[in-house]
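Only one structure is covered here, and it is reproduced in the block below.
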Amino acid sequence: MCFMTGQHVAHAEQMSGNEIVATSEDRYIGKTQRSDSTMIMINSDGKERVRRMSMIRKNFGENLKDQKAIYFFNYPEDIKDTSYLSFDWIEEGKDDDSWLYLPALKKVKRLAAADQSDPFLGSDFTYADIKTSRNNYWDYSIIKDSEMVDGHDCWVLEGLPKNGNDDKVIKETGYNKIHLWVRKDNFIKVKGTFWVVKGKRIKYFEAKEVEKINDIWTAKVNKITTTKGGATEHSTVIKIENVRYEEDIDDANFTPLKMSRGIAR
């Protein structure tokens, strides 16, 4: 869902739902990014588990639309040195690639498309959620032309499986319907509601502390809450820190072999 970055792109009076989301997803996010994050996982009793990770991203290809990113966990000990690598391809119909390295097994596992709907290392975010969001799955319509979120005017959009590909969309995202709130001034997605097919749950997304870093709009706090029957089951907050854009990053960082070796700082 590309909840981490964004930049002001355009002002528009009349846009379709698909055009709004395409503008949001095509906004400039920097050729490269380095950042550290704290992940806070909260259960129904309010008990917290804290994890820390570092990430690097680099865009490739024509118009810099292909994207590679690698995440390394460094705290606590039970997850330290676990890493995740993803390749997001802009080409329609080309499946993205991703791998997971588990240090206890000393093995890199390639993830299938169906695995993308699984929880990202036990959090409320799925693997698909943390990757760059492309409008490959959803056909969007505007269901409300104006709604205020944290003092900012937003469009409210509904996404349904594109071309009636319900089975594929559900298999690869876990959802059969989504709602998005997109800010009109900078096209950042600041809220979301996701209908989870498995277990008939509903997830709620929030992006907070949206500010410019190196002239790139960045949501520094992102939260997903999972509910069932109106009750909160658990939630995950990701706080992004030490964000640096446009630094030189070696292409060699983005290989399955690199996953067991850590980030070159």
Side-chain angles (χ1 to χ4, degrees), residues 1-6 9-10 12-27 42 116-120 123-210 217-238:
M1 57 184 61
C2 196
F3 49 80
M4 294 185 180
T5 59
V9 180
E13 293 298 326
Q14 297 294 329
M15 300 178 72
S16 70
N18 284 332
E19 288 171 338
I20 291 167
V21 174
T23 301
S24 174
E25 294 175 352
D26 288 342
R27 68 195 183 278
I42 309 163
Q116 302 305 309
S117 63
D118 290 344
F120 176 59
S123 74
D124 291 88
F125 292 85
T126 67
Y127 289 96
D129 289 338
I130 67 165
K131 294 166 62 174
T132 299
S133 181
R134 311 283 194 190
N135 190 19
N136 292 339
Y137 293 115
W138 308 102
D139 187 28
Y140 291 96
S141 60
I142 299 172
I143 58 174
K144 196 170 183 180
D145 190 61
S146 180
E147 185 170 309
M148 302 300 289
V149 177
D150 296 332
H152 298 281
D153 195 13
C154 298
W155 291 286
V156 186
L157 309 167
E158 181 174 79
L160 297 175
K162 185 184 290 187
N163 301 323
N165 291 329
D166 297 57
D167 291 344
K168 176 179 172 63
V169 171
I170 292 169
K171 181 179 179 181
E172 297 185 15
T173 71
Y175 313 132
N176 63 0
K177 181 174 71 173
I178 66 175
H179 284 175
L180 297 176
W181 283 252
V182 179
R183 271 176 53 169
K184 293 183 178 181
D185 60 338
N186 59 15
F187 288 86
I188 293 288
K189 301 170 188 173
V190 291
K191 279 182 59 177
T193 303
F194 307 91
W195 281 261
V196 185
V197 174
K198 186 176 181 179
K200 296 183 179 179
R201 292 171 169 84
I202 299 177
K203 292 165 59 173
Y204 297 94
F205 166 73
E206 300 175 272
K208 301 287 188 180
E209 297 187 23
V210 179
W217 284 106
T218 306
K220 296 175 64 179
V221 177
N222 301 275
K223 180 179 181 179
I224 287 186
T225 300
T226 302
T227 69
K228 184 171 184 177
T232 296
E233 290 190 324
H234 36 72
S235 60
T236 302
V237 179
I238 296 180

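Values in this document were obtained by computation on a predicted structure and should not be read as measured data.
For the side chain to side chain contact (heavy atoms under 4.5 Å, CB included) with Thr225, the qualifying choice from Asp124, Ile42, Thr232 is Thr232, the only one to do so.
Residues passing the side-chain contact (heavy atoms from CB on, under 4.5 Å) test with Ile142 are Ile20, Trp155, Leu157, sequence neighbours excluded. Listed by chain and number, the residues in a side-chain contact (heavy atoms from CB on, under 4.5 Å) with Ser16 are Asn18, Glu19 (sequence neighbours excluded). Qualifying ring pair (Phe, Tyr, Trp, His ring centres under 6.0 Å) partners for His234, counting only residues two or more places apart in sequence or in other chains: none. In this view, Glu147 and Lys144, Trp181 satisfy the side chain to side chain donor-acceptor pair (under 3.5 Å) rule, not counting sequence neighbours. Taking the salt bridge (charged side-chain N to carboxylate O under 4.0 Å, His left out) definition, one finds that Asp118 meets it with nothing, sequence neighbours left out.
Thr227 contributes no side-chain N or O that, together with a main-chain N or O of Gly230, makes up a donor-acceptor pair within less than 3.5 Å. In terms of modelled atom types and a separation under 3.5 Å, the side chain of Asn163 and the main chain of Asn165 share no donor-acceptor contact.
Sequence neighbours left out, the pairs with a member in residues 222-233 that pass salt bridge (Lys or Arg N to Asp or Glu O under 4.0 Å) are Arg201-Glu233.
Here the straight-line distance linking atom NE2 of His152 with atom CG of Asn186 works out to 7.5 Å at 0.5 Å rounding. To the nearest 0.5 Å, atoms OH (Tyr140) and NE2 (His179) are separated by 11.0 Å. Atom CD of residue Gln116 and atom OG1 of residue Thr126 lie 8.0 Å apart, to the nearest 0.5 angstrom. In this structure, the separation between CZ on Phe205 and OG1 on Thr193 is 11.0 Å, given to the nearest 0.5 Å. Taking OH of Tyr137 as the reference point, atom OH of Tyr175 lies at 11.5 Å (rounded to 0.5 Å). One finds the CG atom of Leu180 at 5.5 Å from the CZ atom of Phe194 (value rounded to the nearest 0.5 Å).
Two rings, from Phe120 and Phe125, have their centers 6.0 Å or more apart.
For the pair Gly174 and Ser117, the tightest heavy-atom approach, listed with the atom from each and the gap, is N-CB, 3.5 Å. Closest heavy-atom contact between Glu172 and Ala128: O-CB, 4.0 Å.
Residues Ile143 and Ser141 meet the side-chain proximity criterion, which asks for heavy atoms closer than 4.5 Å. By the 4.5 Å heavy-atom criterion applied to side chains, Val149 and Glu206 are not counted as neighbours. Counting heavy atoms from C-beta outward, Lys162 and Lys168 have side chains that stay 4.5 Å or more apart.
For Lys177, the NZ atom counts as densely surrounded, since its 6.0 Å shell holds more than 12 non-hydrogen atoms of other residues, nucleotides or ligands.
Ser146 and Asp153 form a side-chain donor-acceptor contact under 3.5 Å, judged by distance and modelled atom types alone.
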